[in-house]
Amino acid sequence: MTTLTAGDRRRAQPGRKRSDMWSATPWTKIVLVVTIVISAFPIYWMIVIASRTNKEATDIPPPFLPGGNLGENIRRVLANEDAHYLTGLTNSLIIAITVTVSVVLISTFAGFAFARLRFKGGKLLLLLVLITMMVPLQQMGIVPLYRVMVNLEWIGTLKAVILPYLLNGFGVFLMTQYTEQAVPGELVEAARVDGASTMRIWWNVILPAVRPGMAVLGINTFMLTWNDFMWPLIALTPDNPTVQVAINSLNAKYGTDYVLIFSGTAMSILPLILVFVLFGRQIIGGLMEGAVKA
Amino acid sequence: MSVNVDAGRASQAPIPPPRSRPRRSSGLGFLSWLDLKAAPYLLVSPYFLLFLVFGIFPLGFTLWYSLFKYDLTGTEEWTGLGNYTALLSDGAFWNAVVNTIGMFLIATVPQILLALLLANALNKRIRGRLLVRMGVLLPLVTSVVAVAVVFTQLYGRDWGLINWILELFGADPIDWKAQRIPSWIAISTMIDWRWTGYNSIIFLAGMQTIPKDLYEAASIDGASRRRQFWQITVPMLRPTMIFVVLNSTIGGLTLFAEPTTFFGGNVHGGTNSQFQTVSMFIVEQGFREFDYGYASGAAWLLFLMILVGSLVNFLLIRRIGGNK
């Protein structure tokens, strides 16, 4: 999955008459530069405040360059007794990785069945997946889910957060689309004629071909799970939080201690920025392909 | 990234299993028959098991709960549609509905126009394309809570950067949190900052599928570039537009993290609930007042709002550029 799309190819060709309408005007450049500045500024600002003292953070005019207090602020976040920040960071990692691996596997299985196997009710089941993608399950199911977790005495445990996240209709949809596109039906048929079992076909034919799709789904699931807030806020307790809930605790209790909250926030987006820098090409490629495939 | 009504239809027909299986494995005939028949169901079963437990069951029970009255001591009492009639005459619920729709409109309309403009710029011949696209998408990877924390500080009354800039221009500082419309604007900018770049990348993907000949023909006919944009690009983007708008509708009407964080992690949404959304109302009723029935009723009404909102937007977009 690359970011090379129809439009890119179009421009790569030394076209007959290089229509001027595709060349960047000064106006284009202004729009892009302003956008990137606005995109980056809040993140830059987060680092500026995270590396200052509270006195400097409330200076007028405000500081616009990073200071030297980052280490001390991070130490205060980690030592804070209300936030349980390190626990939150570890929990978020455990939750996000477990959910990502499970969702990718579950979706790859189901995507294979929907795209390349024929079975009674298959079409209907796929339709059901599509319909449920439109239902905001988080808001709709929150009360019963909470009560079940209370009855099971799972409130405050990671499984209470992990299990509901495993239901991901988008993943099934994406992998169905991807398998259809990446695995020719003849290939599956040929393997079948050779006597390969369904599981063998999955392992030897499907899996190698759909790996890029799995990567896109994995990155996407990781980011969504890492960022989610509402359900962990309800299902977990403040002493065993996710990183978002830990930030919320800081925010609720130390509202004006900006440097503390900002340091916690800056650390929480670090893993995401890392993923983005490493896989930016795949993320954008996946987004763009997904958008036009539908 | 693609919720689309046509998706099911678009899929190619799956390859049927061969009717005549190779005879040579006749000893394993039954096993291979079983494999052929049962394997597909086995493959989709993990998803549908989860779907049953974490999809159907909560939805059904939300409906069931909404028919009961709960109080703080945990007793429950049948009330039929009582929760729904109470909700519909509850000023606090309507306040949440108005806030949700208000913020949805303030956030979404400029966001889609800006995303179109940005996508058009991204669609030009530019250097460092990947880096530019990554720069545009950067806000998406920051967490919602992080965005809300930073913006809440930027919108601070006394030391916020935005009030400082306003004062530089001689304007009076604004108490963003205290008043309704300013708080809606502040929250809307958080949403727009995070999602405009994402939507522009989606639009860009759509724009690149538009045949170039259309523009060439229009140029020959003497259509200005602006006219080409509104008469060709926008109408041709309709499928993408439907996806983006439906996505924004669901996201906007279920808004929760930004306004909650804006009020220091409290779901009350401001001292007078001036920015409490329906999602926050549900959490407040369910998990602060422990009125599960009321919260469940509100959840179903929210679902109704989303259905109506999606339908209205869908019909609206279909009208763009004529109904061909």
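Only the side chain of A:Tyr258 comes within contact range of chain B, with at least one heavy atom under 4.5 Å from a heavy atom of that chain. Contacts of B:Gln228 with chain A are made by side-chain atoms alone, with heavy-atom separations under 4.5 Å and no backbone atom involved. Proximity to chain A is limited to the side chain of B:Phe48, based on heavy atoms less than 4.5 angstrom apart. For chain A, the nearby part of B:Arg194 is the side chain; its heavy atoms alone come within less than 4.5 Å. Only the backbone of A:Asn168 comes within less than 4.5 Å of a heavy atom of chain B; no side-chain atom from C-beta onward does. Residue contact with chain B, scored on non-hydrogen atoms closer than 4.5 Å, involves the side chain of A:Val172 exclusively. For B:Phe203, no part sits under 4.5 Å from any heavy atom of chain A, backbone or side chain. With a 4.5 Å cut-off on non-hydrogen atoms, A:Phe41 touches chain B through its side chain but not through its backbone. Of the two parts of A:Ile49, only the side chain, counted from C-beta on, holds a non-hydrogen atom closer than 4.5 Å to a non-hydrogen atom of chain B. Neither the backbone nor the side chain of A:Lys253 comes within contact range of chain B; no heavy atoms are under 4.5 Å apart. Contact of B:Trp300 with chain A is made through backbone and side chain together, with heavy-atom distances under 4.5 Å. At a 4.5 Å heavy-atom cutoff, the contact between A:Ile38 and chain B is made by backbone and side-chain atoms alike. Interface remark: B:Tyr292 contributes backbone and side-chain atoms alike to the contact with chain A (heavy atom separation under 4.5 Å). If you measure heavy-atom distances from B:Tyr70 to chain A, the contacts under 4.5 Å come from the side chain alone.
Within the cation-pi definition used here (under 6.0 Å to the ring centroid, within 45° of the axis), A:Arg147 does not qualify as a partner of B:Phe61.
With hydrogens and angles ignored, the 3.5 Å screen pairs a side-chain donor or acceptor of B:Asp35 with a backbone N or O of A:Thr198. A distance-only check finds no donor-acceptor pair linking the side chain of A:Asn248 to the backbone of B:Thr261 [under 3.5 Å]. B:Tyr47 contributes no side-chain N or O that, together with a main-chain N or O of A:Gly111, makes up a donor-acceptor pair within less than 3.5 Å. Checking side-chain atoms of A:Ser39 against main-chain N and O of B:Leu138 turns up no donor-acceptor pair under 3.5 Å. Between the side chain of B:Trp193 and the backbone N or O of A:Pro42 there is no donor-acceptor pair closer than 3.5 Å.
Most heavy-atom pairs under 4.5 Å with chain A: of the set B:Val267, B:Leu154, B:Leu302, this distinction falls to B:Leu154. Comparing A:Gly171, A:Ala252, A:Pro144 by heavy-atom pairs within less than 4.5 Å of chain B, the highest count is held by A:Pro144. Heavy-atom pairs under 4.5 Å with chain B were tallied for A:Thr132, A:Ile261, A:Val33, A:Ile247; the largest tally goes to A:Thr132. Note on B:Val145, B:Val283, B:Val136, B:Leu63: by heavy-atom pairs under 4.5 Å with chain A, the leading option is B:Val145. The residue among B:Asn120, B:Thr196, B:Leu118, B:Asp158 with the most heavy atom pairs within less than 4.5 Å of chain A is B:Leu118. Counting heavy-atom pairs closer than 4.5 Å to chain B, the top-ranked of the candidates A:Ser268, A:Pro164, A:Ala110 is A:Pro164. Ranked by heavy-atom pairs under 4.5 Å with chain B, the list A:Leu233, A:Leu105, A:Thr28, A:Thr108 is led by A:Thr28. In terms of heavy-atom pairs under 4.5 angstrom with chain B, the leader among A:Val275, A:Leu128, A:Val148 is A:Leu128. Ranked by non-hydrogen atom pairs under 4.5 Å with chain A, the options B:Leu131, B:Val141, B:Ile282, B:Val44 are led by B:Val141. If you tally non-hydrogen atom pairs under 4.5 Å between each of B:Val132, B:Val278, B:Thr260 and chain A, the highest count goes to B:Val132. Of the listed residues B:Leu137, B:Leu140, B:Val144, B:Leu253, the one with more heavy-atom pairs under 4.5 angstrom with chain A than any other is B:Leu137. When the candidates A:Trp27, A:Tyr146, A:Phe112 are compared by the number of heavy-atom contacts under 4.5 Å with chain B, A:Tyr146 comes out ahead.
The OG1 atom of A:Thr265 sits 10.5 Å away from atom CD of B:Gln153, with the distance rounded to the nearest 0.5 Å. Annotation: the span from A:Arg281 atom CZ to B:Arg133 atom CZ amounts to 10.0 Å, rounded to 0.5 Å. Summarising the geometry, atom CD1 belonging to B:Ile126 is positioned 5.0 Å from atom CG belonging to A:Leu32; distances are rounded to the nearest 0.5 Å. Atom CZ of residue A:Arg118 and atom CG of residue B:Leu36 lie 12.0 Å apart, to the nearest 0.5 angstrom. A distance of 10.5 Å separates CE in B:Met280 from CE in A:Met230, rounded to the nearest 0.5 Å.
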**Request:** Report the C-alpha distance between A:Phe109 and B:Leu42 in whole Å, list the side-chain angles of each, state the deciding distance to 0.1 Å, and finish with yes or no for side-chain contact (heavy atoms from CB on, under 4.5 Å).
**Result:** CA-CA 9 Å; A:Phe109 280 137; B:Leu42 220 62; over 6 Å; no
**Item:** Intermediate values then yes/no, side-chain contact (heavy atoms from CB on, under 4.5 Å), B:Leu43 and A:Phe119
**Value:** CA-CA 11 Å; B:Leu43 285 169; A:Phe119 57 109; over 6 Å; no
**Request:** Take B:Ile306 and A:Val135 through the test side-chain contact (heavy atoms from CB on, under 4.5 Å) and record every step on the way to the result.
**Result:** CA-CA 9 Å; B:Ile306 291 168; A:Val135 180; over 6 Å; no
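Contact check for B:Phe51 versus A:Leu125: no side-chain heavy atoms found under the 4.5 Å cut-off. Considering only heavy atoms from C-beta on, A:Met140 stays 4.5 Å or farther from B:Pro58 through its side chain. Counting only heavy atoms from C-beta outward, the side chains of B:Leu50 and A:Ile106 approach each other to under 4.5 Å. Considering only heavy atoms from C-beta on, B:Lys124 stays 4.5 Å or farther from A:Thr25 through its side chain. Side-chain contact between A:Leu166 and B:Phe54 is absent, with no heavy-atom pair separated by less than 4.5 Å.
Taking all atoms of both residues into account, the shortest heavy-atom contact from B:Thr254 to A:Pro136 is CG2-CB, 3.8 Å. Shown here for A:Val31 and B:Ala121, the closest heavy-atom pair between the two residues is CG1-CB, 4.0 Å. Residues B:Ala146 and A:Met46 approach most closely at CB-CE, 4.3 Å, considering heavy atoms. When all heavy atoms of A:Ala24 and B:Arg125 are compared, the pair lying nearest together is CB-O, 3.5 Å. Smallest separation of non-hydrogen atoms from A:Met288 and B:Ala205: O-CB, 3.4 Å. For B:Thr62 against A:Gly141, the heavy-atom pair with the smallest separation is OG1-CA, 3.8 Å.
The aromatic rings of A:Phe64 and B:Trp164 lie tilted to each other, with the angle between the two planes from 30° to 60°. Classified by interplanar angle (parallel below 30°, tilted 30° to 60°, perpendicular above 60°), the ring pair B:Phe256/A:Phe229 is tilted.
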